[in-house]
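Working notes, structure below.
What you see is a predicted model; the values in this text were computed from it and never measured. Side-chain atoms are counted along with the backbone in the values below, which use heavy atoms only and exclude waters and symmetry mates.
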Amino acid sequence: MDQERVVDAFRLEATQLTQALTGVSAAEWCLPTRCAPWKVGDLLAHVRVVIAWLPGMLAAPAPTRAEVSAAEYYRPDDRFTPDTNATRIALAQHHAAEQLSGAALVDDFNATWRQVDRLCRAEPEGRVVRTWHGDPMLLSEFLMTRVVEVAVHGLDLADALGREPWLTPQAADLVQELLLGPDGTAALEKLGWGQLGFLRKATGREQITKEEALDVNRLGIRWLTLG
């Protein structure tokens with residue numbers, strides 16, 4: 001995966017998320033999301049927490065070689081156990097509680113992603129990093145997982161706030177490619193769901209019917225494990 005393309009998609013999607021949540025009211029920050037028990041503020045805090053890993057990863061010594069792809073990162077192991085999920089939930093809630101207001105939370109998210117964007121742009125193509133879970137990955141591959149976080153949770157936040165999705169085409173294309181591979185457009189056309197509908201169904205944001213599940217199996221599509 002081209003590193004510059006991924007960094008650009010990350011920047012565009014994070015910019016959209018920042019703009020969309022600027023001016024959210026105090027009452028809206030407390031609205032529930034589908035990612036229970038997180039409220040809107042908690043969910044934005046979660047997205048901030050998981051992109052804030054990158055500066056430390058880039059400051060650490062680079063592994064000799066990459067061994068895990070973005071798709072393999074979403075494998076069903078201990079990163080999705082109840083204990084790990086409980087830690088993930090608590091970290092987001094703690095960070096949200098530390099902010100003095102929703103506006104402060106947005107400012108903090110904005111500053112964090114801009115730092116990550118700046119650092120990633122300074123890295124050479126082929127840079128390898130080690131994730132929080134210990135995976136040696138190309139920076140481009142790990143950053144693709146962060147695009148997933150910003151994009152998919154952006155859908156969750158838009159739904160919680162009762163707004164139209166602000167998903168950018170660049171991020172949508174990357175997530176589709178991660179889920180279906182570089183030649184996935186043909187499979188998407190056969191499913192007939194449309195890109196946004198596919199992304200919602202593939203990430204559990206929308207139910208699929210039994211007939212749709214049969215179509216998925218027939219096409220050999222395998223969903224990723226998402227927390």
Should the pair Arg114-Asp117 be classified as a salt bridge under the 4.0 Å nitrogen-to-oxygen rule? no
Are the side chains of Glu67 and Asp135 in contact, using a 4.5 Å heavy-atom criterion? no
Less than 4.0 angstrom from a charged side-chain N to a carboxylate O is my criterion; do Glu177 and Arg5 meet it? yes
Heavy-atom side-chain contact between Arg205 and Val152 under 4.5 Å: yes
Does any donor atom in the side chain of His95 or Asp108 lie under 3.5 Å from an acceptor atom in the other side chain? yes
Can Glu13 and Thr168 be counted as having a side-chain donor-acceptor contact under 3.5 angstrom? yes
Residue pair Gln93 / His46, side-chain donor-acceptor N/O under 3.5 Å: no
Measure the shortest side-chain to side-chain distance between Glu28 and Val40 over non-hydrogen atoms and say whether it is less than 4.5 angstrom. no
Presence of salt bridge, Arg121 and Asp8, under 4.0 angstrom: yes
Consider only side-chain N and O atoms of Gln195 and Asp173, and report whether a donor and an acceptor are under 3.5 Å apart. yes
Check the orientation of Trp53 and Trp132. Use parallel for under 30°, tilted for 30 to 60°, and perpendicular for over 60°. tilted
Residues Thr81 and Thr84: side-chain donor-acceptor under 3.5 angstrom: yes
Using every non-hydrogen atom in the two residues, find where Asp156 and Cys35 come nearest and quote the distance to one decimal. OD2-SG, 3.3 Å
When rounded to the nearest 0.5 Å, the distance separating OG1 of Thr15 from CG of Asn110 is 7.5 Å
Just by distance, with hydrogens left out, do Thr18 and Trp113 show a side-chain donor and acceptor under 3.5 Å apart? yes
Please give me the minimum heavy-atom distance between Leu21 and Trp29, naming the atom from each residue. O-CZ2, 3.8 Å
May I ask whether Val68 and Val148 are part of the same hydrophobic cluster, defined by side-chain heavy atoms of I, L, V, M, F, W, Y residues being less than 4.5 angstrom apart, directly or through others? yes
Verify same cluster id: Leu54, Leu138 (apolar side-chain graph, 4.5 Å): no
Keeping the roles fixed (side chain from Gln19, backbone from Gln16), state whether a donor-acceptor pair exists under 3.5 Å. no
Applying side chain to side chain contact (heavy atoms under 4.5 Å, CB included), run through Leu180 and Ile221 and close with a yes or a no. CA-CA 7 Å; Leu180 290 177; Ile221 298 171; 3.7 Å; yes
Looking only at non-hydrogen atoms, find the nearest pair between Arg218 and Asp215 and report the distance. NH1-OD1, 2.8 Å
Cationic tip of Lys201 above Trp193 ring, under 6.0 Å, 45° of axis: yes
What is the minimum heavy-atom distance between Arg127 and Ala60, and which atoms define it? NH2-O, 3.9 Å
